[in-house]
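Side-chain atoms are counted along with the backbone in the values below, which use heavy atoms only and exclude waters and symmetry mates. Residue numbers start from 1 in every chain, and the chains themselves are labelled A, B, ... in the order their sequence lines are given, proteins ahead of strands.
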Number of protein chains: 2
Amino acid sequence: MSETVKSPRERYRAQVRDEIKAHAWAQVATTGAAALSLNAIAKQMGISGPALYRYFRNRDELMTELVLDAYRDLSTTCRAAAATAHTPTTRLAAVAGALRRWALAEPHRYLLIYGTPVPGYAAPPEATAIAASIMSVLMDAFTAASAAADTASDAATGPLPKPAAALDRHLATHRQWAADHPAPPAVLRCALTFWTRLHGVVSLEVAGHFTGMNFDPALLYAAEADAAIAAR
Amino acid sequence: MSETVKSPRERYRAQVRDEIKAHAWAQVATTGAAALSLNAIAKQMGISGPALYRYFRNRDELMTELVLDAYRDLSTTCRAAAATAHTPTTRLAAVAGALRRWALAEPHRYLLIYGTPVPGYAAPPEATAIAASIMSVLMDAFTAASAAADTASDAATGPLPKPAAALDRHLATHRQWAADHPAPPAVLRCALTFWTRLHGVVSLEVAGHFTGMNFDPALLYAAEADAAIAAR
DNA sequence: CGCTTCAGTTATAACCTCTAACTCCAGTAT
DNA sequence: ATACTGGAGTTAGAGGTTATAACTGAAGCG
C-alpha cells in the first residue's frame, strides 16, 4: 500500500474527487440520477460551478464514475453473500436476498445501473466486465448445484421444454459473455434466467409499480428465487 | 360520434394538442423521455416556447399524457393479441410475443412506462387502472388455462413449492389490485410471475444490458414465456 | 528561491422551464 | 351586423442547468 504514495497535489485531487462523488451519491439517493446537478454539488461544497470541471470532464464522466462504483459495490455484495453460504442452493438464495436488500437500500442506485439509460450514454467496457463477474458468481453456484443434483437424484426435472432446449443449443455457440467460464450451456441458461427473473421483480418494485397493488413483493421475490433455484 | 361536436375553438385546441403530442413522441422515440424539451417542440412547430403552456400546464402534464397514451396503446395491443388465439396457452404466448414486439418497436416508449420514474413524478391513478386491465387479460388466460389443465391431466405439476404456497396464501387476502376479478390466488400468482418474468427479460433488453453479451434475447424470452405458461 | 503548474475565480454562451404582461384576432352573443 | 370578450401567441425576463474561456494567485517542484 505504501507504493501508492502520491504527491500532495494528487492526494488533494483524489480527496476532492471523492468529496464530489459523496455529494453526488447523496443527490442520487434523494432525487435520483436524472436530477444530478453539478452546480448544486459545487454550491454544497462552497465552491463555484466551473471548479468541478477540474475534476470531471463533464456530467457524463461523473455519472460513469457513479455507475462503476455502483457496479463494484453490487459485485462485492453478491460475492460476500455467496461466501456466507456453504451449499449451492443456499448460496443462490443468499445472493438473491443480498441483491434485493442492496436494491431496496438505495433504489436510485439500482436504477442507476439497471434503469433507463441516459440518451447518449454508453456504458464503459469496465462496467460490462463487472457485470460479467456478477454473472460468474451465479454460474459458479449453478455449476455446483447441478453437480450436487447429479450425484443425488437427477430425475424430477424431466425432459427440457423445447424453447429451453433451443436456448441451450444457442448458448453453446453464443457465449462470448462467459467465454472464460467452463460452465455448460444449461448452467448459462440457469444463471441468465436467475438474473432476469430477480431483476423482473425487483426492478418493478423499486420503480414503484407494486405500490398500488397492496401485496408484499418480498413473497413474490422469494417464490421466484426459489423457483429459479429449484428448476436447476 | 357526432355528439362530440365541439366549437371551432375546441376543435383547433384539440388539434394543436395532438400535434404537440406527435412531436413529443418523435422526441421520445429518438432521444428518450428524459430529453423531452418543450422549447424544441415549439421550435419545430414554428411557434414560440411559452405558447405551449396554453395547451399543457407544464412539462409533467405533457409527460403524463404520453404515459397514459403508452399505457392505453399497450393495453389494446395485448387485448388484440389475446383475441387472435383460441386456446389459453397460445393466447398467453400471443400476448407475450405482442408485448416484446411492442417494447422493441419503440424502446423508449416501454421505458417511459416501466423504466426509471422521473424524480418528482407520480403516476396518475388512471395509469394504475390501465395496468390492472392488462393484468386482467393475463388472469383471464390463466384462468382458462388452469381450467383446461384440470379437465385434462392435472398431475405433472407436483405439490407447490413452499414459497409459492406462501405467496398464494398471501395473495388470498392481499388482492386489492384484482378485487374485481374472480380468479383464485394461484391464477393471480401465475399472472404476476408471467408479467415479472417477461418484464425481466425485455427491460434488460431495451436498456441494452444484453448488447455486449452476443446472444439472441428472443430465445431467452421465448424460453421464459414458455416456462411461465407451462408452470401454470 | 524562482518558476510553473494548477485550483478556483468570474464572465459568458447556449440551453432549459415557466411566469407576466401585452397584442390582437376570431368566435360569440346580442 | 356589430360590439365584446376570451384566448392564442407574442416578447421580456427570472432562475435554473451544462460547459468554455480567460484570469488570478498560491502551492508544490526543481
Side-chain angles (χ1 to χ4, degrees), chain A residues 4-24 26-28 30-67 112 116-122, chain B residues 4-24 26-28 30-67 112 116-122:
Chain A
T4 47
V5 141
K6 296 288 181 182
S7 67
R9 278 258 166 90
E10 282 179 328
R11 279 174 48 84
Y12 178 75
R13 193 176 170 75
Q15 180 184 327
V16 174
R17 259 182 89 98
D18 283 352
E19 191 180 347
I20 293 171
K21 277 165 59 172
H23 281 99
Q27 257 189 39
V28 167
T30 57
T31 55
L36 186 121
S37 159
L38 298 188
N39 249 349
I41 293 173
K43 200 168 290 180
Q44 284 177 351
M45 292 179 63
I47 61 179
S48 261
L52 291 190
Y53 289 81
R54 293 277 171 201
Y55 300 92
F56 295 94
R57 180 190 295 271
N58 51 33
R59 193 174 176 277
D60 265 17
E61 191 175 296
L62 173 57
M63 200 80 91
T64 298
E65 203 81 358
L66 298 183
V67 169
L112 183 63
T116 309
V118 301
Y121 181 78
Chain B
T4 48
V5 141
K6 298 288 182 181
S7 66
R9 277 258 166 90
E10 284 178 328
R11 280 174 46 85
Y12 177 75
R13 191 177 171 75
Q15 180 184 328
V16 175
R17 259 182 89 97
D18 283 352
E19 191 179 346
I20 293 171
K21 276 165 60 172
H23 281 98
Q27 257 189 40
V28 167
T30 57
T31 55
L36 185 117
S37 159
L38 298 188
N39 249 348
I41 293 174
K43 199 168 291 180
Q44 283 177 351
M45 291 178 65
I47 61 180
S48 260
L52 292 191
Y53 289 80
R54 293 277 170 202
Y55 300 92
F56 295 94
R57 180 190 293 273
N58 50 33
R59 192 174 176 276
D60 264 17
E61 191 175 298
L62 173 57
M63 199 80 91
T64 297
E65 203 80 358
L66 298 183
V67 169
L112 182 64
T116 308
V118 302
Y121 181 78

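Of the side-chain N and O atoms in B:Tyr55, one or more sit less than 4.0 angstrom from OP1 or OP2 of D:dG9.
Computed from coordinates, the B:Arg13 CZ to D:dG7 P distance equals 9 Å when rounded to whole Å. Between the CD atom of A:Gln27 and the P atom of D:dT17 there is a distance of 9 Å, given to the nearest Å. Note: CD (B:Glu10) to C1' (D:dG6) measures 13 Å, nearest angstrom. In this entry the distance linking CZ of B:Arg9 with P of D:dT5 reads 14 Å, nearest Å.
Within the model, atoms CD of B:Gln44 and CD of B:Glu19 stand 10.0 Å from one another, a figure rounded to the nearest 0.5 Å. If you take CG on A:Leu52 and CG on A:Asn58, they are separated by 12.0 Å, rounding to the nearest 0.5 Å. Between the CG atom of A:Asp60 and the CE atom of A:Met63 there is a distance of 6.5 Å, given to the nearest 0.5 Å. Atom OH of A:Tyr53 and atom CZ of A:Arg59 lie 9.0 Å apart (nearest 0.5 Å). A:Gln27 contributes atom CD, which lies 9.0 Å from atom CG of A:Leu62 (distance to the nearest 0.5 angstrom). Interatomic distance, B:Phe56 CZ to B:Thr64 OG1, rounded to the nearest 0.5 Å: 10.0 Å.
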Evaluate A:Val16 against A:Ile47 for side chain to side chain contact (heavy atoms under 4.5 Å, CB included), listing each step before the verdict. CA-CA 11 Å; A:Val16 174; A:Ile47 61 179; 5.7 Å; no
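Checking D:dG9, D:dT10, D:dC29 against the side-chain heavy atoms of A:Ser7 singles out D:dC29 as nearest.
The closest donor-acceptor contact from the side chain of A:Arg54 to the backbone of A:Arg13 lies at 3.5 Å or more, if one exists at all.
Less than 4.0 Å separates DNA chain C from at least one heavy atom of each of the following residues of residues 37-47 of chain B: B:Ser37, B:Leu38, B:Asn39.
You can see that DNA chain C meets the heavy atoms of chain A within a 4.0 Å-exclusive cut from C:dT5 to C:dA11, reading 5' to 3'.
Using a 4.0 Å heavy-atom criterion, one finds that A:Leu62 contacts no nucleic acid atom at all.
Nearest approach of B:Ala33 to B:Leu112, heavy atoms of both residues: CB-CD1, 3.5 Å.
If A:Leu36 and A:Arg54 are placed on DNA chain D by their nearest nucleotide, the residue sitting closer to the 5' end is A:Leu36.
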